[in-house]
Q: 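Structure below; questions to follow.
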Amino acid sequence: MSPFVDLVLPPAEDWQAQARAARISTADLLAHVGLTAADFAEGVIAQPDFPLSVPPHYLSLIRRGDPADLLLLQVLARGEEALPQPGRLTDPLEEADYRAAPGVLRKYRSRALLIASGACAIHCRYCFRRHTDYGAAMLTRSGEAEALAVIAGDAAIDEVILSGGDPLSLTDARLAALVAAVAAIPHVTTLRLHSRTVLAIPDRVTPALIDLLAGTWLNVVLVTHSNHEREISAEVAAALTRLRAAGVTLLNQSVLLAQVNDDAATIAAHCRRLFAAGVLPYYLHLTDPVDGAAHFDVDEARARGLETELRAMLPGYLVPRIVREVPGEAGKTPLWALST
């Protein structure tokens with residue numbers, strides 16, 4: 001009997017059904033890829049507090065029978081998450097200190113961030129918001145007027161960032177209403193969306209979404225969250241092409257992850273794959289000190305060596321800026337400015 005278990009998957013065109021199908025148990029994920037807890041040094045967590053979420057498309061990209069698969073390591077709750085991790089935090093970026101209103105984060109002078117949704121298509125095990133209480137932090141319909149009033153009341157804000165969770169977890173209708181409300185604020189010129197859903201559920205890039213983003217007068221920037229070239233499947237590349245044709249500026253930010261993408265050749269191949277799909281590399285983040293994710297850390301010395309290698313391998317416009325987000329700073333802190 002085959003050790004692999006095939007799951008019943010929803011139709012490709014029904015992105016919402018795909019999002020619902022993403023919730024998967026540790027046991028079912030292991031069965032699908034033909035592995036057991038014994039294949040991992042510290043075992044796995046059967047019922048993690050931060051539940052697994054792996055959409056069917058992303059699941060299809062995971063190599064079966066390989067416990068070191070670079071995509072699997074990003075979504076499986078391995079036993080390392082439960083090991084003691086001194087100095088780790090549940091709010092590593094101190095976001096609670098930057099709440100200007102329910103659902104609004106104001107970290108930087110010219111930008112305001114709306115936590116548009118508490119839902120994500122895919123639950124990355126290194127996520128810095130894995131402990132966030134979205135019930136208290138996210139934008140709600142009842143609080144939307146107050147949130148937009150904060151933005152409308154400060155002419156220094158020229159860019160609104162939709163984050164989450166993932167803003168593309170919203171329906172097209174809900175997203176359209178939110179975009180229209182932001183576009184009605186005269187001093188806001190740019191709308192930025194941060195999303196991993198495009199990588200995990202490329203069918204989320206619907207004709208209605210394309211029409212919405214192409215139809216607003218705002219400058220639209222979509223920052224995809226991809227960490228490895230294998231995440232840019234043919235379906236993802238096609239979705240990115242549709243977005244680019246709609247006039248959306250496409251950038252990518254990655255997280256530097258131990259055992260996943262912490263070598264120069266892997267990063268360079270990813271950057272080239274992104275560029276071929278019409279996306280420019282943007283940031284390569286050092287991990288945040290969130291509780292449960294210490295096993296993904298890559299130290300600064302190693303990151304400096306990778307940066308040197310990348311500058312020798314890639315043209316300057318394809319080298320992502322290696323940064324860390326430091327609470328209280330006016331922007332992302334580049335690697336060269338961090339203490340050695």
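In what follows, every heavy atom counts, from backbone to side chain, and hydrogens, waters and symmetry copies are set aside.
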Q: Run through N227, V260, I267 and flag the one making a side-chain contact (heavy atoms from CB on, under 4.5 Å) with S254.
A: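 When N227, V260, I267 are each tested with S254, the side-chain contact (heavy atoms from CB on, under 4.5 Å) holds only for N227.
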
Q: Only one of D297, D291, D288 passes salt bridge (Lys or Arg N to Asp or Glu O under 4.0 Å) with R88; say which it is.
A: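 With R88 as partner, salt bridge (Lys or Arg N to Asp or Glu O under 4.0 Å) holds for just one option, D297.
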
Q: Between N261 and T266, is a side chain to side chain donor-acceptor pair (under 3.5 Å) present by the stated rule, with each step listed?
A: CA-CA 6 Å; N261 61 359; T266 296; over 6 Å; no

Q: Please find the pair of heavy atoms, one from A184 and one from P186, that lie closest to each other, and give the distance.
A: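 Heavy atoms only, the tightest pair is O-CD, 3.3 Å.
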
Q: Please determine whether a side-chain nitrogen of the Lys or Arg among E81 and R130 lies less than 4.0 Å from a carboxylate oxygen of the Asp or Glu.
A: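 Salt bridge between E81 and R130, a charged N being under 4.0 Å from a carboxylate O: yes.
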
Q: With a cut-off of under 6.0 Å to the ring centre and 45° to the axis, is R78 in cation-pi contact with F296?
A: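 Judged by the rule, R78 and F296 form a cation-pi pair.
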
Q: Does the pair L35 and L76 meet the rule for a side chain to side chain contact (heavy atoms under 4.5 Å, CB included), with working shown?
A: CA-CA 11 Å; L35 298 170; L76 175 66; over 6 Å; no

Q: Answer whether the closest heavy-atom distance between the side chains of L243 and I210 falls below 4.5 Å.
A: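 When only atoms from C-beta onward are counted, I210 and L243 do touch, with a gap below 4.5 Å.
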
Q: How far apart are the closest heavy atoms of R106 and A156, and which atoms are they?
A: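 Closest approach of R106 to A156: NH2-CB, 4.4 Å.
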
Q: Taking everything shown except R23 itself, do over 12 heavy atoms lie less than 6.0 Å from its CZ?
A: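 Yes, the 6.0 Å shell around CZ holds more than 12 heavy atoms from other groups.
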
Q: Search all heavy atoms of A101 against all heavy atoms of E146 and return the closest pair with its distance.
A: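 Closest approach of A101 to E146: CB-OE2, 4.0 Å.
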
Q: Taking CG in D49 as the centre, count heavy atoms belonging to other residues, nucleotides or ligands within less than 6.0 Å. Is the count above 12?
A: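 No, CG of D49 has 12 or fewer neighbouring heavy atoms, counting only those of other groups under 6.0 Å.
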
Q: Under 3.5 Å, side chain of S163 to main-chain N/O of H194, donor-acceptor pair present?
A: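 Checked: no pair found.
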
Q: Between K107 and D97, does any NZ, NE, NH1 or NH2 come within less than 4.0 Å of an OD or OE carboxylate oxygen?
A: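 Looking at K107 together with D97, the answer is no, because their closest N to O distance does not fall below 4.0 Å.
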
Q: Looking at A258, is its backbone amide N or carbonyl O close enough to the side chain of H295 to form a donor-acceptor pair, meaning the two atoms are under 3.5 Å apart?
A: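 Such a contact is absent between H295 side chain and A258 backbone.
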
Q: Checking Q85 side chain against E80 main chain: does a donor-acceptor pair fall under 3.5 Å?
A: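 Yes, Q85 side chain to E80 backbone: donor-acceptor pair under 3.5 Å.
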
Q: Within a strict 4.5 Å, meaning less than it, do heavy atoms of the L93 and V290 side chains meet?
A: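 They are not in side-chain contact.
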
Q: With the side chain counted from C-beta on, respond yes when L162 and L170 share a heavy-atom pair under 4.5 Å apart, and no when they do not.
A: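 They are not in contact (no side-chain heavy atoms under 4.5 Å apart), so the answer is no.
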
Q: Below 4.0 angstrom, N of the basic side chain to O of the carboxylate: do R273 and E231 qualify?
A: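 Looking at E231 together with R273, the answer is no, because their closest N to O distance does not fall below 4.0 Å.
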
Q: Are the side chains of L148 and V182 in touch, meaning some heavy atoms are under 4.5 Å apart?
A: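 A side-chain contact exists here, since the closest heavy-atom pair is under 4.5 Å.
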
Q: Quick one: do D69 and R230 make a salt bridge, cutoff under 4.0 Å?
A: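 Salt bridge present between D69 and R230.
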
Q: Decide if atom CZ of R109 counts as having more than 12 heavy atoms of other residues, nucleotides or ligands within a radius under 6.0 Å.
A: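 No, CZ of R109 has 12 or fewer neighbouring heavy atoms, counting only those of other groups under 6.0 Å.
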
Q: Within a strict 4.5 Å, meaning less than it, do heavy atoms of the L256 and T287 side chains meet?
A: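 Result no, sub-4.5 Å side-chain heavy-atom pair not found.
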
